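Report on the following structure.
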Amino acid sequence: MINTTKESLFITLALCTTVCCAQRELTYLLQEKQVQLHQVEHYLKEREMQPLDCHEEWTTEVSQKLTNPTVHYRDVQRVFNVYFHVLNENNGQRTVPIDEADILSAVANLNGAFNAYNIFFKYRGYGEINDTYRSVVYLGGTRTFDELVTYAKTEGLYQENSLNIFIAATIRMSQYDTREIAGLANKPGVNVVVNDKYLLSSTLTHEVGHNFFLHHTHANWNSGNCELAHYNDGVEDTPPSVPFNTTDIAGDCHSYLGNLSNDQCGIAIRDIPASNFMSSYNLPCRDLAHAVFTEGQANRMHTAIEAYPDVFEPVKTTLASLYQPYTGNYTAEATETIKFQKGFDYEFVSCSDNSAVKQRFGKEETPVGHPYNTAVKILQVSATTTMNCRTAPTDSFQGGEVISYGVLLNGMYKVKKLNALDIASQRYLQELPTGYNRITITYKNGQRESELCFKQNK
Ligand SMILES: [Zn+2]
């Protein structure tokens, strides 16, 4: 017996040392920019490393009002403001570099995970907290997450109208227990802290899932109370589960291979929803490319959002806000300062014809600038809705021309040059000759629009 105890103690220590060393090496590679934040999941997967996991307190109460969701996710679209706090050392430095591009990628990842379930995120900026003491968060004892949130509120840094996401240098069990945690979240709530290495992993989506009152898919598995064990996570379409490591899962991402000692409630644990965002973190099943929520989880999130208006109403915003740039000024000369957050499929369409696409951007692209006379379409929100039409101000015209062909397009033609005043007055439109006319307008910003129209004989 003594030998066995010693052996298992040794294995536990060895395992922890391996995990700790591997995490330290990852931090070093991120610091040296040999690995980018968005490559972290790939890095861990390639080396078959067990990623750090989230810590959720066991659920001891059944939240009956959420057991049978009353809201279907298809029925309503909701948009939430999201704001980030980067926790630095006193001198403003940090080991793992984080810039605004990383933060915008994090918002894009959230939208990528939640949009299919009618939850959207509007980026509202980020701030930096230069305080070495605050940059490390402990689960218990001192320097807790609650303390950090209180500190941000006291300092006037907290954003009452947004989800507040803190990016920490590390999150540990306690002052004395150096085991690291990937992220923590209030549940229900609007605050998340994420271990910086895991900013662009599925961890952030997982934590925001907690905000919207999702439990782990293995919630209550060892509660000792069979009613709770059967209640599981309170979501009907997630099978009962247990916590597990990557090595406990078959390649199909749902067959459980581990040793289950807890089946006293008659629950057969064979299928594990390993690709679910709320499962134990394992790769490759729960990486950003594969992880999903279920429809039941989506309904539960929307039901929770309605059930806790005090928590969620202050951080909601409008769908229209998504169609506005996150930075830049429409009145400024340099319109290239206008940028839209990436993560959506955008179309800039003619203000007068929403099927005439002038520019298109994919989810990985950041739309820069907003062409005159176009409105914005976001395909994740709607295939038809357009908003934020940008008309051209009269002082934006450079010049243009009308090429008149008459009634035969391939015949002779004559060219009339237009100056900025001609275009602003629109008088040339009344003076168009009968037949085909190609009207071209150029703007001071370099934008050029050309249109062929047919003028009927009066
Ligand atoms: Zn969790």
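Whatever order the structure lists ligands and atoms in, that order sets their numbers, starting from 1. Fair warning: this is a prediction, and the values are worked out from it, not measured in the lab.
Within the protein, the N, O or S atoms lying under 2.8 Å from the Zn ion (ligand 1) are Cys54 SG, His206 NE2, His210 NE2, His216 NE2.
In this structure, Phe80 and Phe212 have tilted ring planes: the angle between them lies in the 30° to 60° band. Classified by interplanar angle (parallel below 30°, tilted 30° to 60°, perpendicular above 60°), the ring pair His218/His216 is tilted.
Checked by atom type, the side-chain pair Gln175/Tyr138 shows no donor-acceptor distance below 3.5 Å.
Cation-pi contact between Arg300 and Phe213: absent, since separation from the ring centre below 6.0 Å together with deviation from the ring axis within 45° is not met.
Checking side-chain atoms of Asn299 against main-chain N and O of Pro69 turns up no donor-acceptor pair under 3.5 Å. Of the possible donor and acceptor atoms, one in the side chain of Arg286 sits under 3.5 Å from a partner among the backbone N and O of Ser279.
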